[in-house]
Protein chains: 2
Amino acid sequence: MRRSDCPISNVLDHVGDRWSLLVIRDIALYGKRSFTELLDSAEHVATNVLTDRLRRLEQTGLLTRTRDSGDARKNIYRLTQRGRDLLPILIEMILWSARHDPQTNAPPELVRRAQTDRNALIADLQARIDAVDGR
Amino acid sequence: MRRSDCPISNVLDHVGDRWSLLVIRDIALYGKRSFTELLDSAEHVATNVLTDRLRRLEQTGLLTRTRDSGDARKNIYRLTQRGRDLLPILIEMILWSARHDPQTNAPPELVRRAQTDRNALIADLQARIDAVDGR
DNA sequence: AAATATAACTTGCAAAAAGCAAGTTAAATA
DNA sequence: TATTTAACTTGCTTTTTGCAAGTTATATTT
């Protein structure tokens, strides 16, 4: 499983594929929490791949799965603190694309705050996640 | 090729696999510049995969390939500005592992500077890359 | 000059992962 | 009761990865 003791390699062992960080993104930034919501993204992940990624992310402690108390068919996927702490990596990716690939739709206001007010932005985004999760 | 206009997805389209960012790491942080040096990492990438990743990273403008003037067998792989600008992402990955997986060998001094003196650290790392590349 | 070594691949093949469509099960809604 | 929805699961094909061996051009050693 773990390829080396390198901290970068370690992160890639968790989320170093084309889908895992998109799941994290959808939960962290778009407030998605259920399987069908996560399925419904512009990148069109296959159901079996999404099932697999959710299981792996749960197993490695990046998110939790609970049954919806209101609708027993639904699972609710929430980020753990480990998962929420991937936010800075997502932010840096947004900044990279904003700089080097302006065709992507990085929200200008978010980019501006990330550059001027990084820590406060991250705190705000964390707070928003907590709010959605009722914390 | 591009799955969506999302800036995060865009970065993953470039380096969203288990090897590309390790190549970037080895060039940016360990001063490696040739194929054999890049082969010789703890994670043991296969030659055909390394060849493929170098070609892709070159095609998407993250690095350049030139012949070594001293030894005509050697290629020299250097990061472009696009590639060097991935450094903040690598830094955040190191911080994540330092926090959540202390078994990894994140250099404590680098972690400390990343937390207290982020911009200066990144400038220093950039300068070191430039120095290796003779800029 | 000939033999050996090195750098950077390339090829072939088996195994793993991804992608796609269709099917399944349990729970909710009409 | 019939239909819809949520979350998978299965089967199958394509793509990617991993591993070992082979190739070509250049450099070094004898």
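Chain letters run A, B, ... following the sequence lines, proteins first, then strands; residues in each count from 1. The model shown is predicted, which means the values in this text are computed figures rather than measured ones.
- Considering all non-hydrogen atoms of both residues, B:Ile94 and B:Ala106 come closest at CG2-CB, 3.7 Å.
- In this structure, B:Trp19 reaches the D:dG18 phosphate: one of its side-chain N or O atoms is under 4.0 Å from OP1 or OP2.
- When distances are taken from the side chain of B:Thr47 to each of C:dA27, D:dA21, D:dT9, the shortest belongs to D:dA21.
- Closest to the A:Arg73 side chain, of the nucleotides C:dA28, C:dA18, D:dT9, is C:dA28.
- Atom-to-atom, CG of A:Asp52 to C1' of D:dA7 comes out at 15 Å; the value is rounded to the nearest Å.
- Of the charged side-chain nitrogens involved, at least one lies within less than 4.0 Å of a carboxylate oxygen, so that A:Asp133 and A:Arg33 count as a salt-bridged pair.
- Set against C:dA8, D:dA27, C:dA28, the side chain of B:Phe35 has C:dA8 as its closest nucleotide.
- In this structure, A:Ile76 atom CD1 and D:dC8 atom P are separated by 13 Å, rounded to whole Å.
- A distance of 5.5 Å separates CD1 of B:Ile91 from CD1 of B:Ile122, quoted to the nearest 0.5 Å.
- Rounding to whole angstrom units, CG of residue B:Leu50 and P of D:dT16 are separated by 17 Å.
- Cation-pi geometry between A:Arg3 and B:Trp19 is met: under 6.0 angstrom from the ring centre, within 45 degrees of the axis.
- A straight line from CG of B:Asp40 to C1' of C:dA8 spans 15 Å, rounded to a whole angstrom.
- As rounded to whole Å, 11 Å separates atom P of D:dT16 from atom CG of B:Asp17.
- B:Asn75 has a side-chain polar atom (N or O) that falls below the 4.0 Å cut-off from OP1 or OP2 of C:dC9.
- When heavy atoms are screened at a 4.0 angstrom cut-off, B:Arg67 is found touching no nucleic acid atom at all.
- For the pair B:Tyr77 and A:Val45, nearest-nucleotide mapping onto DNA chain C gives the more 5' position to B:Tyr77.
- Take the nearest nucleotide of DNA chain D for A:Lys74 and for A:Arg55: the residue whose nucleotide is more 5' is A:Lys74.
- Taking 4.0 Å as the cut-off between side-chain N and carboxylate O, A:Asp117 and A:Arg112 do not count as a salt-bridged pair.
- For B:Thr36, the side-chain atoms get nearest to C:dA7 when compared with the rest of C:dA22, C:dA28, C:dA7.
- Distance A:His44 NE2 to C:dC20 P: 10 Å, rounded to the nearest Å.
- Residue B:Asn48 places its side chain closer to D:dG18 than to any other of D:dA7, D:dG11, D:dG18.
- C:dC9 atom C1' lies 17 Å from atom CZ of B:Arg56, rounded to whole Å.
- For A:Arg18 and B:Arg65, each mapped to the nucleotide of DNA chain C holding its nearest heavy atom, the one lying further toward the 5' end belongs to B:Arg65.
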